[in-house]
Amino acid sequence: MTATRPADDDLVGRFIRLSPFDVADIPELYRALCRPEVYAGGYGGGPAGQPADFAGYEAFARGYYSAGEAAMPWTVRLRGGPHDGRVVGATKLADFDLPNESAHIGWTAYDPGVWGTAVNPEAKLLLLELAFRNGFGRVKIQADANNARSRAAIEKLGAQLDGVMRRHKRRADGSWRDSAVYSVIIDEWPEVRDRLTARLSAFGEEPVEVRDVQ
């Protein structure tokens, strides 16, 4: 076994900074993420899981982004530009299985105003780099099998489809979802890293700004 739990330090990229989740981040996460279009893709169990108000989202976030020895939740902030420091999402590196050197990137959502920008590819680059640097050999990424947008984003990263887990998780409305399970393994990491780096280079040097999607 070579895998070790990473240190709880900020991860700083060109466009974003990932900071260990803090409950003080919840008001900004509520503004960024508690939207129908975010939950429509399966976040928080799908549309029926969207909290009705801030109190509901706070309770949800405290559980969804819980930490521990096997979980590292992150708050995603922009770097540079007029929206420097703005919270635009959250994600998690978790399900650490140190003997089997495996982990899972998930619990991810972003403000719709940064969809299609450098935010997601750089977040994945930072988290995959962290995992492989700390001895993990396989990182899982999964999505509701019906969520074409999320699956396309995962495939664009270079992750490989392991298969579809049928009747895997119950949605907030009580229905069952199938989960499309992807992974990146250490042997593939150099190619995936180069692909992500090239994608980020294509965005140029301008900082990400949050588009108005109201």
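Distance alone, capped at 3.5 Å, is enough to place a donor-acceptor pair between the E188 side chain and the I185 backbone. In terms of modelled atom types and a separation under 3.5 Å, the side chain of D194 and the main chain of E191 share no donor-acceptor contact. The main-chain N or O of G13 is found under 3.5 Å from a side-chain atom of R79 such that the two form a donor-acceptor pair. Of the possible donor and acceptor atoms, one in the side chain of E122 sits under 3.5 Å from a partner among the backbone N and O of R14. Looking at D53, its side chain does come within 3.5 Å of a backbone N or O of G56 through a donor-acceptor pair. For the pair Q160 (side chain) and G158 (backbone), a donor-acceptor distance under 3.5 Å is present.
Closest of all the heavy-atom pairs between P47 and A40 is CG-CA, 3.9 Å. Contact record, A172 with A48: CB-C, 3.6 Å, taken as the closest heavy-atom pair. Closest of all the heavy-atom pairs between A71 and R5 is O-NH2, 3.3 Å. The two residues R211 and P112 make their nearest non-hydrogen contact at NH2-O, 3.4 Å. Scanning both residues, L161 and A180, for their nearest heavy atoms gives CD1-CB, 4.3 Å.
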*Might you work through the side-chain contact (heavy atoms from CB on, under 4.5 Å) test for V139 and F132, ending with a clear yes or no?*
CA-CA 8 Å; V139 179; F132 291 124; 4.0 Å; yes
*side-chain contact (heavy atoms from CB on, under 4.5 Å) evaluation trace for W115 with V38*: CA-CA 10 Å; W115 289 0; V38 174; 4.3 Å; yes
_If you apply the rule side-chain contact (heavy atoms from CB on, under 4.5 Å), what do you find for E101 with T2, and how did you get there?_
CA-CA 7 Å; E101 300 172 356; T2 62; 3.2 Å; yes
*Please test R177 against S175 for side-chain hydrogen bond (donor to acceptor under 3.5 Å, both in side chains), starting from the C-alpha separation and ending with a verdict.*
CA-CA 7 Å; R177 89 173 208 183; S175 64; over 6 Å; no
*asked:* Between T75 and R77, is the side-chain hydrogen bond (donor to acceptor under 3.5 Å, both in side chains) condition met? List the steps.
replied: CA-CA 7 Å; T75 298; R77 290 179 169 83; 4.8 Å; no
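The aromatic rings of F96 and F136 sit tilted, their planes meeting at an angle between 30° and 60°. Using cut-offs of 30° and 60° on the angle between ring planes, the pair Y65 and F21 is tilted. Taking the six-membered ring for Trp and thresholds of 30 and 60 degrees, Y30 and Y57 have ring planes inclined between 30 and 60 degrees apart.
With a 4.5 Å cut-off on side-chain heavy atoms, V181 and K140 count as touching. The shortest side-chain heavy-atom distance between N120 and V114 does not fall under the 4.5 Å cut-off. Looking only at side-chain heavy atoms (C-beta outward), I105 and Y182 stay at 4.5 Å or farther from each other. Between Q142 and I154 there is no side-chain heavy-atom pair separated by less than 4.5 Å. Counting only heavy atoms from C-beta outward, the side chains of P51 and Y39 approach each other to under 4.5 Å. Within the 4.5 Å cutoff, side-chain heavy atoms of P20 are placed close to those of D10. Under the 4.5 Å side-chain criterion, counting only non-hydrogen atoms from C-beta, E28 is not in contact with R86. Considering only heavy atoms from C-beta on, P207 stays 4.5 Å or farther from F15 through its side chain.
Test Y110, Y64, W107 against Y43 for ring-ring contact (aromatic ring centres under 6.0 Å, His included) and you get one pass: Y64. With D144 as reference, R171 is the one residue of R149, R170, R151, R171 to meet the salt bridge (charged side-chain N to carboxylate O under 4.0 Å, His left out) rule.
Hydrophobic cluster membership is shared by L200 and L157, with clusters built from Ile, Leu, Val, Met, Phe, Trp and Tyr side chains linked at under 4.5 angstrom. Cluster annotation: V12 and L127 are assigned to distinct hydrophobic clusters (Ile/Leu/Val/Met/Phe/Trp/Tyr, side-chain heavy-atom contacts under 4.5 Å, transitive). Tracing side-chain contacts under 4.5 Å through hydrophobic residues (I, L, V, M, F, W, Y), one reaches L93 starting from I186; they form part of the same cluster. Both V76 and V210 are assigned to one and the same hydrophobic cluster, defined by single-linkage of ILVMFWY side chains at heavy-atom distances under 4.5 Å. Residues M165 and V184 do not share a hydrophobic cluster, clusters being chains of Ile/Leu/Val/Met/Phe/Trp/Tyr side chains in contact below 4.5 Å.
A salt bridge links D162 with R138; the closest basic N to acidic carboxylate O contact falls under 4.0 Å. With respect to D95 and K92, no salt bridge is recorded, no charged nitrogen being found less than 4.0 Å from a carboxylate O. D111 has a carboxylate O that lies under 4.0 Å from a charged side-chain N of R31, or vice versa, which qualifies the two as a salt bridge.
To the nearest 0.5 Å, atom CG of residue L126 and atom CD1 of residue I16 are 5.5 Å apart. Annotation: the span from L125 atom CG to L196 atom CG amounts to 5.5 Å, rounded to 0.5 Å. To the nearest 0.5 Å, atoms CD (Q50) and CG (L33) are separated by 10.5 Å. Atom CZ in R17 sits 10.5 Å away from atom CG in L78 (nearest 0.5 Å).
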